[in-house]
Amino acid sequence: MTIALNSPVAPNIAQLTKYLEQVNESGHYTNFGPLHHELTRRLEEYLGVKNLLLISNGTLALQVAYKVLGITSAITTPFSFVATTSSLLWQGVECQFCDIDRSTYNLSPAKVKERLFNNSNVNGIVATHVYGNPCDVEEFANLASKHDVKVVYDAAHAFGIKVGEQSILNFGDASILSFHATKVFHTVEGGAIVFKRTEDYEKAKQLINFAICNGEITDVGINAKLNEYQCAVGLTILDDMDNIVTHRAELFSLYQDNLAGLVGFPQWHSLANTNGAYLPICLNSEDELASVAAELSKNGIQYRPYFKPSLDSVFPQVKHGNLEVSRDISSRVLCLPLHFKLTRVDVLKVTSTVKKGLLCHAQ
Ligand SMILES: *Cc1c(COP(=O)(O)O)cnc(C)c1O
């Protein structure tokens, strides 16, 4: 029996059908229909945010956010999913990488600060809450006000994450979510932008519908709307969200308890909750990783070196300084299975297999 790395949440068909029947009744299949309205309202309530705009996927959400905020030159992280950087390049934004923090694996504000002093044309910071672990949002807010730059958070992993009582999505000028099938919450494909300012939200809402406003074309727009069928999937899954997150977060801590002291974990923000989006472990060396990976494969357990490689090796055209931490962590990190269908027994099997791999390497 294989243990899958990930397994999308399957929407309850009976409930999904009820929503789809509503679509047929309304005759409104896309373009901000009734289910779009309902999902927006319910997500804003669930997440504790305002100005949430649904988008057809997380990558376009990033691109639309840069466009609306006027970001033309950005500092970003090489330790993220490829879309964080490729969205900038596709959008024609000049960009540079800064290194990550060795304990959190998130973009390092100290490194960004050094670069900002030497680059007066930079007007944006694009940082990822890696694995859902919040960035140092206070420090980025200080840098942003001091240097007059916009901050966009790639919060694709951070559904439902809070710092204290505050949603992580309420920091920065905009945060984006991905609702891809592999994420904690999904609409098959989909995403959202949460804007700090209502004007930005209003502008983005026009832009993603060809920039049509009251029948007039007001700008160069795009089509990035989320349709009613996908909103139906979202509404169905949202009904079960507390169960999903509780289950994932429980497995996340079971893993951490079982592997404590044996492997490294990113240091979690002290005031933040967890959503069990990913289970990254950091091994002591590439050799140790190879030994653990071989043992996992032998036992039919899927894993993924995530994020590997450090994105500077994928995009040599992006300028950067020293990225030794990102390169080092990328070469030693591995994500283990974690999803809604995974059981506690599965987790114990995975952790004992990891331990076997560690032993093989030690011998
Ligand atoms: C999934 C993901 C994206 C892209 O989202 P899509 O909805 O698949 O376009 C962007 N950034 C990060 C960090 C992601 O994990």
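To the nearest 0.5 Å, the span separating OG on Ser80 from CG on Leu311 amounts to 6.5 Å. To the nearest 0.5 Å, atoms CG (Leu279) and OH (Tyr303) are separated by 16.0 Å. In this structure, OG1 on Thr343 lies 8.0 Å from CG on Leu251, to the nearest 0.5 angstrom. Separating the CZ atom in Phe252 from the CG atom in Leu338 is a distance of 8.0 Å, to the nearest 0.5 Å. Here the NE2 atom belonging to His269 is positioned 6.5 Å from the CD1 atom belonging to Ile168, to the nearest 0.5 angstrom. In this structure, Arg41 CZ and His36 NE2 are separated by 13.5 Å, a value rounded to the nearest 0.5 Å.
Among Phe171, Trp268, Tyr153, Tyr105, the single residue meeting the ring pair (Phe, Tyr, Trp, His ring centres under 6.0 Å) criterion with His129 is Tyr153.
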Go through the steps for Asp219 and Gln206 under the test side-chain hydrogen bond (donor to acceptor under 3.5 Å, both in side chains), then give the verdict.
CA-CA 9 Å; Asp219 201 340; Gln206 283 177 22; over 6 Å; no
Quick one: do Asn227 and Gln230 satisfy side-chain hydrogen bond (donor to acceptor under 3.5 Å, both in side chains)? Show the steps, please.
CA-CA 6 Å; Asn227 66 59; Gln230 288 176 282; 2.9 Å; yes
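Looking only at distances, no side-chain donor or acceptor of Ser326 sits under 3.5 Å from a matching main-chain atom of Leu323. Side chain of Glu288 to backbone of His361: no donor-acceptor contact under 3.5 angstrom is found. Arg248 places a side-chain N or O within 3.5 Å of a backbone atom of Ala277 that can act as its donor or acceptor partner. Judged purely by atom type and a 3.5 angstrom limit, Asn273 has no side-chain atom pairing as donor or acceptor with the backbone of Val163. A distance-only check finds a donor-acceptor pair linking the side chain of Thr76 to the backbone of Val126 [under 3.5 Å]. Counting only distance, with no hydrogens or angles, the side chain of Asn209 and the backbone of Ala211 share no donor-acceptor pair below 3.5 Å. Side chain of Asn275 to backbone of Gly160: no donor-acceptor contact under 3.5 angstrom is found. A distance-only check finds a donor-acceptor pair linking the side chain of Asp173 to the backbone of Val151 [under 3.5 Å]. For Ser167 (side chain) and Val49 (main-chain N/O), no donor-acceptor pair under 3.5 Å exists by modelled atom type.
Between Arg102 and Asp328 there is a salt bridge, with a side-chain nitrogen of the basic residue lying less than 4.0 Å from a carboxylate oxygen of the acidic one. Comment: Arg327 engages Asp312 in a salt bridge, judged by a side-chain N to carboxylate O separation of less than 4.0 angstrom. Using a cut-off of 4.0 Å between Lys/Arg side-chain N and Asp/Glu carboxylate O, Glu295 and Lys355 are scored as not salt-bridged. A salt bridge does not link Lys203 with Asp200: every distance from a Lys NZ or Arg NE/NH1/NH2 to an Asp or Glu carboxylate oxygen is 4.0 Å or more.
You'll find the ring centres of Phe81 and Phe307 outside the 6.0 Å limit. Ring centroids of His186 and Phe179 are separated by 6.0 Å or more, keeping the two rings apart.
Note: Tyr306 and Tyr131 have tilted aromatic rings, judged against thresholds of 30 and 60 degrees for the angle between ring planes.
At least one side-chain heavy atom of Val122 sits less than 4.5 Å from a side-chain heavy atom of Ser73. Side-chain atoms of Leu262 and Leu358, non-hydrogen and from C-beta on, do get closer than 4.5 Å to each other. Within the 4.5 Å cutoff, the side chain of Leu89 has heavy atoms near those of the Val318 side chain. For the pair Tyr46 and Asp242, the minimum side-chain heavy-atom distance is below 4.5 Å. Residues Lys225 and Asn31 have side chains in contact (heavy-atom distance under 4.5 Å, counting atoms from C-beta outward). In this structure, the side chains of His180 and Asn57 stay at 4.5 Å or more apart for every pair of heavy atoms. In this structure, Leu348 and Arg344 have side chains that are not in contact, with every pair of non-hydrogen atoms separated by 4.5 Å or more. Taking the side chain as every heavy atom from C-beta outward, Val350 and Pro337 approach each other to under 4.5 Å.
No continuous path of ILVMFWY side-chain contacts below 4.5 Å connects Leu43 to Leu62, so the two sit in separate hydrophobic clusters. At a threshold of 4.5 Å between side-chain heavy atoms, the hydrophobic network of Ile, Leu, Val, Met, Phe, Trp and Tyr places Met241 and Leu47 in one connected group.
The cationic group of Lys205 lies under 6.0 Å from the six-membered ring centre of Phe32 and within 45° of the ring axis, placing it in a cation-pi geometry.
When all heavy atoms are compared, the tightest approach of Gln302 to Leu5 is OE1-N, 2.9 Å. Minimum interatomic distance between Asn123 and Gly70 (heavy atoms only, all atoms of both residues): ND2-O, 3.2 Å. When all heavy atoms of Val220 and Leu207 are compared, the closest pair comes out as O-CD2, 3.6 Å. Residues Ala272 and Ile161 share a closest heavy-atom pair of CB-CG2, 4.4 Å. Nearest heavy-atom pair, Val325 versus Asp99, reported as atom, atom and distance to 0.1 Å: N-OD2, 2.9 Å. Val9 approaches Val184 most closely through the heavy-atom pair CG2-O, 4.4 Å.
When the shell of 6.0 Å around CD of Glu45 is examined, it contains 12 or fewer heavy atoms from other residues, nucleotides or ligands. Residue Asp148 qualifies as open at atom CG: its count of foreign heavy atoms under 6.0 Å is 12 or below.
Here Asp136 pairs with Pro109, Glu138, Glu139 under the side-chain contact (heavy atoms from CB on, under 4.5 Å) rule; sequence neighbours left out.
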